[in-house]
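Just so it is clear, the structure is predicted and the values come from calculations on it, not from any experiment. Atom set for the values below is all heavy atoms of this structure, side chains included, hydrogens, waters and symmetry mates excluded.
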Amino acid sequence: MPLYETFTGRHRDDYATLEDLQKNYKLTIPDDFNFAFDCLDAIAAQTPDALALLWLSNEGEEKRFTFEDIRRLSVKAANYFLSLGIGKGDMVMLTMSRDWRYWPVLMALHRMGAVAVPATYLLTAKDFVYRCNAASIKMLLTTPRFGVMKAIEEARPECPTLQIVMDFDEFDKGWEAAPETPVARNSVKSDMMLMAFSSGTTGYPKMVWHDYTYPLGHIMTGCFWHRCEEDGLHFTISDTGWLKSLWGKMYSQWLAGSAVFTYDFDKFSAPDILEKIAKYKVTTFCAPPTMYRFLIKEELKKYDLSSLKHCATAGEALNPEVFKVWLEGTGLKIFEGFGQTETTLCCWTGFPWMQPRLGSMGLPAPSYRIIVADENGEETGPGVTGEICIRTDEAGGGKPYGMFSGYFRDDEMTKSVWHDDLYHTGDTAYKDEMGFLWYVGRTDDVIKSSGYRIGPFEVESVLMEHPAVTECAVTGVPDPERGFAVKATVILSKGYQGSPELTKELQNHVKKLTAPYKYPRVIEYVDALPKTISGKIRRVEIRENDGAKG
């Protein structure tokens, strides 16, 4: 049986209805729970030769690791970390791209009680200085690719807590020589296990910390939403520097009995990704909407995608046009999920009784009690836009497993978003009469124009249906009559050029497909949109640039 049943008491197919799932889904977690001991080691003992990880390098090199391989390598890595002076509670930053070492190394840090701090290889020297000092990083392990070591060495003189810096070439020597002596368990489930930096769409990244229950909070992610299956092969496209990789590249996939496929590519290429799905017979797949937008530009029926059984997306709202074209090309629906660095999957479409409703985020995931709240924290009625909030009062079960424990070293910031037993996500939505959530935008992104509240996502979705538009961002620009006017910043598809005629055509297109007051009165054509290093559009930067122009 898949290991997740140990903690839930039931197989996912044993739930008779959605109501049964929502009412009776629960987790039982021992006080000293540690994923490395209680999950990885347990799977390795039950099925030592089962495939855990299929890794493919940018150059085409393949490596296959069984659960016993990962267990053994993680024990050796833990002993090597200990020999370097790394111990319980020490902060270890991992800047490893999609390298295969990430899996046993992360398990090693869990095993010995050190705190793993994932970070993307795209960071600059300035980024490293901020992160190392903010989190008191003691050791940094990095890939030798992408010139990362150069940025780290430039930053190092300004990072007094950073004692050890290694790339794989140096780390591998000590790792290989390390003993396989068992490492003693020294953590409890409330200890800090993981610390991640948020995307930083509106300011400096926040330090989000999670305890040892975080992996089991993801059972809903991989076992239910991704629909990973025993002996399957799951592919989530994500750099290991982001927690999205832990949504789709490790914890719950293994708990479901599925192997993980990871492709350590240098540059995203839609044809390349489709070829890999076909060649390696990927069974379940998850990618952000940005990547689906590029995948649907290809002739999907050219590729043998018959192995795929289930597709999912998260990271930002999914445009209905992307859903439609993917369904036409593959025969598969895309099931959305919503969550943050601070949470696990907390809103979803993904169980057999639930079908995607185009443009909807779905229903609250079991264990998350979500409301749409007004400015006073009171729940709004159907159709009324408010902020997505999560109830955490003890009477209702307290903090959901997998939800963050706070912002590291910033109690004030923690209290500003989490007070009165309500965590404020900063995202806005409305509920319909059936309880489905419909995304509107980040709190700061909502445009107030002539008394109307306009969410950027709806306008962006309509624009994306026009063949001239490859990508776009909708923001508000100051307007003397309306307060703010709707502006669209657009990347055009091949073969199109910006012109007054095209602008008029796009404006009329929006007027026809949504309320006329939402149409973009200003359209700017650009070659690229400002994004965070995680790939999310920085609408705040567009607004700031427009403000600077006067």
Checking side-chain polar atoms at under 3.5 Å, does [X] have a donor or acceptor matched by the opposite partner on [Y]?
X: Asn34; Y: Ser187; result: yes
X: Arg409; Y: Ser136; result: yes
X: Lys249; Y: Thr262; result: yes
X: Thr124; Y: Asp127; result: yes

Measure the spacing between [atom1] of [X] and [atom2] of [Y] and express it to the nearest 0.5 Å.
X: Thr236; Y: Leu246; atom1: OG1; atom2: CG; answer: 10.5 Å
X: Arg12; Y: Ile219; atom1: CZ; atom2: CD1; answer: 12.0 Å
X: Tyr251; Y: Met107; atom1: OH; atom2: CE; answer: 5.0 Å

Are the side chains of [X] and [Y] in touch, meaning some heavy atoms are under 4.5 Å apart?
X: Leu54; Y: Val260; value: no
X: Trp254; Y: Leu3; value: no
X: Lys206; Y: Phe408; value: no
X: Phe81; Y: Asp90; value: no
X: Val92; Y: Ile137; value: no

Charged N to carboxylate O below 4.0 Å: is that the case for [X] and [Y]?
X: Asp239; Y: Lys244; result: no
X: Arg185; Y: Asp38; result: yes
X: Glu471; Y: Arg293; result: yes
X: Arg539; Y: Glu544; result: no

*Name the one of Asp393, Ile371, Val417 that satisfies side chain to side chain contact (heavy atoms under 4.5 Å, CB included) with Leu422?*
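The single option meeting the side chain to side chain contact (heavy atoms under 4.5 Å, CB included) with Leu422 is Ile371.
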[X] to [Y] six-membered ring, cation-pi geometry met (6.0 Å, 45°):
X: Arg98; Y: Tyr263; result: no
X: Arg145; Y: Tyr121; result: no
X: Arg101; Y: Phe171; result: no

_So which atom in Ser245 and which in Tyr102 form the shortest heavy-atom distance, rounded to 0.1 Å?_
OG-OH, 4.3 Å
*Ignoring hydrogens and angles, tell me if any N or O in the side chain of Glu336 forms a donor-acceptor pair with the backbone of Leu318 under 3.5 Å.*
yes
